[in-house]
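Below is one structure, written out as structure tokens, with a few remarks after it.
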Amino acid sequence: MAGPGFINVRLTADAWVEELRAILRDAGDYGRLTVGQGRRVNVEYVSANPTGPMHMGHCRGAVVGDALASVLEYAGYAVTREYYVNDAGSQVDTLARSAHLRYREALGETVTIPEGLYPGDYLVPIGRMLAKDYGDRYVTAPEADWLELFRTRTVAAMMDLIRADLALLGIHHDVFSSEAEVQAAGRVTAALDRLRADGLVYQGTLEPPKGELPEDWEPVEMTLFRATAFGDDSDRPVAKADGSLTYFGTDLAYHAQKAEDADELIDIWGADHAGTVKRIQAAVKALTAGQDGIGKPFDVKLVQMVRLLRGGEPMKMSKRAGNFVTLADVVNEVGKDVVRFTMLTRKADAQMDFDFAKVVEASKDNPVFYVQYAHARICSLHRKAVEAGMALPQPDLSLLDADEMALVKLAAQFPRIVEGAAANREPHRIAFYLGDLAAAFHAGWNRGNDDPSRRFLMVNDAAITAARLALADSIGQIIRNGLAIMGVAAAEEMN
RNA sequence: GCACCCGUAGCUCAGCUGGAUAGAGCGCUGCCCUCCGAAGGCAGAGGCCAGGGGUUCGAAUCCCUUCGGGUGCGCCA
């Protein structure tokens, strides 16, 4: 005993040697866990509105969600990657009208995009496509004739654009769910009827907000969900005074839909939606609670905004002018791996700066580079050994010294890191761990600079080289496994 | 006014399902480059973990509270 509640257990060197063998044997599967027990987890992320291409505001949520999905898979969950397409609100009508203008433009008109419509150039090719398909049939036709058609066509085209952007990041969702389809399938009515039967949906008016009262406040009767019964601060409207659904009204039914095929739900949201977390959690609890009164596990992970910098200077962006930085621009400039890794170098709920200059910097304070560099060094050892014409025997791992075994101990923590990252839904832990592991490996490498007898590659000693290469391989394997979870390629050479 | 997030080294941040002397990078100080890849390396200084209270054998970690930042706040999506 070493103090209360403490029992010191010292594993023998053999145990660590055995772990090293396990890393090399299990290779790409080392660190895979069964803690998920095959439970079905639905991870919904990105879900950007289909009104334009992906911009950098979407990027972090996309990467965090995707990496989280991978971590959970690695930990033994059955994961569904899902994207919710908001194709039912007034914004997609606005999109259709914007596309209609571009359609007229494609037929020769000179158009100006009025305030309130989407001015982006990305609608120009959509306009051309519509012109090609429909000729001048809808130029002067009343809106009712073309709105639905143009909406459908344009949303489909936008989703193609978004899927292409996501593919640049290596992100592919399993399921795309449509808000319009959730409504058309009668799921909203069904969900609201159920809740109404339980007294959780009712006609009523909301209390005016505390504090400063809005000028034009008038009590209005609408359809409300009793969110206060589940810890929210106020009941929340599911249908407006005119009877049309609110966003929340459909979202609630959508979550009920997801819950049908999943044991657990996770949403990845931008932090600007933090204010609506409680109501959706209340809704999921109400809709999924069984006889025990406990709903299905449902986490909402908030992802903070990313500030874009170039050489320390914030980049000016104006959404109105439509000159936002697109995701494609950034990926094309710095590469998928840099974007993905960097997005995971901070915990999701902390704000982050993304500096175009720093993320590609080849230095020790750039973990993207440092981890890649470690892997490249490990790969280079084999090339060097071959060049030196060495014939390596079966490694005798008992030749490794205490410093080298310390590296094995760190590598052997990988499964626990995966477990923690999965349990806490924090994929950034993988990135930090890889940074630590890479640093430890580099330190080991550097020992060889001070003392040549401690180099990994000892041309005159095949036995020790074989053992040390086995050690290096195990580190390389862990780096590959970790990077694979993050969706980052492991470089074999640095340029 | 209410809710949520945050407050850890000079700076940027890890650590938070409670556990042994609180970690990293930058910056700072001092050494080190005929040497497997020095696009660096080693060592050191630097912290009442915002303040206060509580739970516990034990708290940066959990609870309450104060202060200080950020965000959101009736039928927008």
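The figures that follow rest on heavy atoms only: side chains count, while hydrogens, waters and symmetry mates do not.
- Listed by chain and residue number, A:D93 satisfy the side chain to side chain donor-acceptor pair (under 3.5 Å) test with A:R151 (two or more places apart in sequence, or in another chain).
- Comparing B:rA20 with B:rG15, their P atoms sit 16 Å apart, to the nearest whole Å.
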Under the side-chain contact (heavy atoms from CB on, under 4.5 Å) criterion, do A:L123 and A:T154 qualify, and how do the steps go?
CA-CA 8 Å; A:L123 288 175; A:T154 310; 4.0 Å; yes
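- Side-chain contact check for A:N49 and A:Q91: at least one donor-acceptor pair (N or O, by modelled atom type) lies under 3.5 Å.
- Closest contact between the side chain of A:V220 and the listed nucleotides B:rA77, B:rG74, B:rC36 involves B:rG74.
- Comparing B:rA38, B:rC42, B:rA77 by their nearest atom to the side chain of A:A443 picks out B:rC42.
- Nearest nucleotide to the side chain of A:L206, out of B:rA77, B:rC4, B:rG74: B:rG74.
- If A:R383 and A:K278 are placed on RNA chain B by their nearest nucleotide, the residue sitting closer to the 5' end is A:K278.
- The CG atom of A:L245 sits 11 Å away from the P atom of B:rC76 (whole-angstrom rounding).
- Between the CE atom of A:M222 and the P atom of B:rC76 there is a distance of 9 Å, given to the nearest Å.
- Remark: side-chain polar atoms of A:T465 are not paired, donor with acceptor, to backbone N or O of A:L457 under 3.5 angstrom.
- Looking at RNA chain B, the stems built from 3 or more consecutive Watson-Crick or G-U wobble pairs, each pair with its key distances under 3.5 Å, are B:1-5 with B:69-73, B:10-13 with B:23-26, B:28-32 with B:40-44, B:50-54 with B:62-66.
- Taking atom P in both B:rU12 and B:rG27, the straight-line distance is 15 Å, to the nearest Å.
- Atom OH in A:Y254 sits roughly 18 Å away from atom P in B:rA77 (whole-Å rounding).
- Spacing between B:rG47 and B:rA3 at atom C1', rounded to whole Å, works out to 32 Å.
- Rounded to whole Å, atom C1' of B:rC5 lies 13 Å from atom CZ of A:R60.
- Along RNA chain B, the nucleotide nearest A:D233 and the nucleotide nearest A:N446 are compared for position; the residue whose nucleotide lies closer to the 5' end is A:D233.
- Distance, A:D93 CG to B:rA77 P: 11 Å, rounded to whole Å.
- Counting only heavy atoms from C-beta on, A:N86 has its side chain closest to B:rA77 among B:rA77, B:rA3, B:rU17.
- Going from atom CZ of A:F225 over to atom P of B:rG74 covers 19 Å, rounded to whole Å.
- We find that NE2 of A:H442 is positioned 16 Å from P of B:rA24, with the value rounded to whole Å.
- With sequence neighbours excluded, the residues that form a side chain to side chain donor-acceptor pair (under 3.5 Å) with A:R196 are A:D193.
- Taking the P atoms as reference points, B:rA60 lies 24 Å from B:rC67, given to the whole Å.
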Identify every side-chain donor-acceptor pair in residues 403-419 of chain A under 3.5 Å, counting partners at least two apart or on other chains, and give the distances.
unit_1, atom_1, unit_2, atom_2, d
A:D403, OD2, A:R454, NH2, 2.6
A:E404, OE1, A:D401, N, 2.8
A:E404, OE2, A:R468, NE, 2.9

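- OP1 or OP2 of B:rC4 has not a single side-chain nitrogen or oxygen of A:R279 nearer than 4.0 Å.
- Rounded to the nearest Å, the gap between the C1' atom of B:rG44 and that of B:rC5 is 37 Å.
- Heavy atoms of A:A274 sit nowhere under 4.0 angstrom from any nucleic acid atom.
- Nucleotides B:rU56 and B:rC42, compared at atom C1', are 42 Å apart to the nearest Å.
- Out of B:rG41, B:rG74, B:rA38, the shortest distance to the side chain of A:R377 is found at B:rA38.
- For A:A463, the side-chain contact (heavy atoms from CB on, under 4.5 Å) criterion is met by A:L399, A:D461, not counting sequence neighbours.
- With both ends at atom P, the span from B:rG41 to B:rC36 equals 16 Å, rounded to whole Å.
- For A:R480, there are no salt bridge (Lys or Arg N to Asp or Glu O under 4.0 Å) partners, not counting sequence neighbours.
- For A:H173, the side-chain contact (heavy atoms from CB on, under 4.5 Å) criterion is met by A:Y45, A:V46, A:R81, A:Y83, A:L166, A:I171, A:F176, not counting sequence neighbours.
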Pick out the pairs of N or O atoms, protein on one side and nucleotides 11-15 of chain B on the other, that lie under 3.5 Å.
unit_1, atom_1, unit_2, atom_2, d
B:rU12, O2', A:R346, NH1, 3.4
B:rA14, OP1, A:K347, N, 3.2
B:rG15, OP1, A:H428, NE2, 2.9

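- Side-chain proximity of A:Y247 to the nucleotides B:rG41, B:rG74, B:rA77 is greatest for B:rA77.
- Distance noted for atom P between B:rA22 and B:rU65: 30 Å (whole Å).
- Residues meeting the side chain to side chain donor-acceptor pair (under 3.5 Å) test with A:W445, sequence neighbours left out: none.
- Rounded to an integer number of Å, the gap from CG of A:L434 to P of B:rA24 is 18 Å.
- Applying the 4.0 Å criterion to OP1 and OP2 of B:rA38, one finds that A:W445 has a side-chain N or O inside that range.
- Side-chain rings of A:Y370 and A:F341 stay apart, their centers remaining 6.0 Å or farther from each other.
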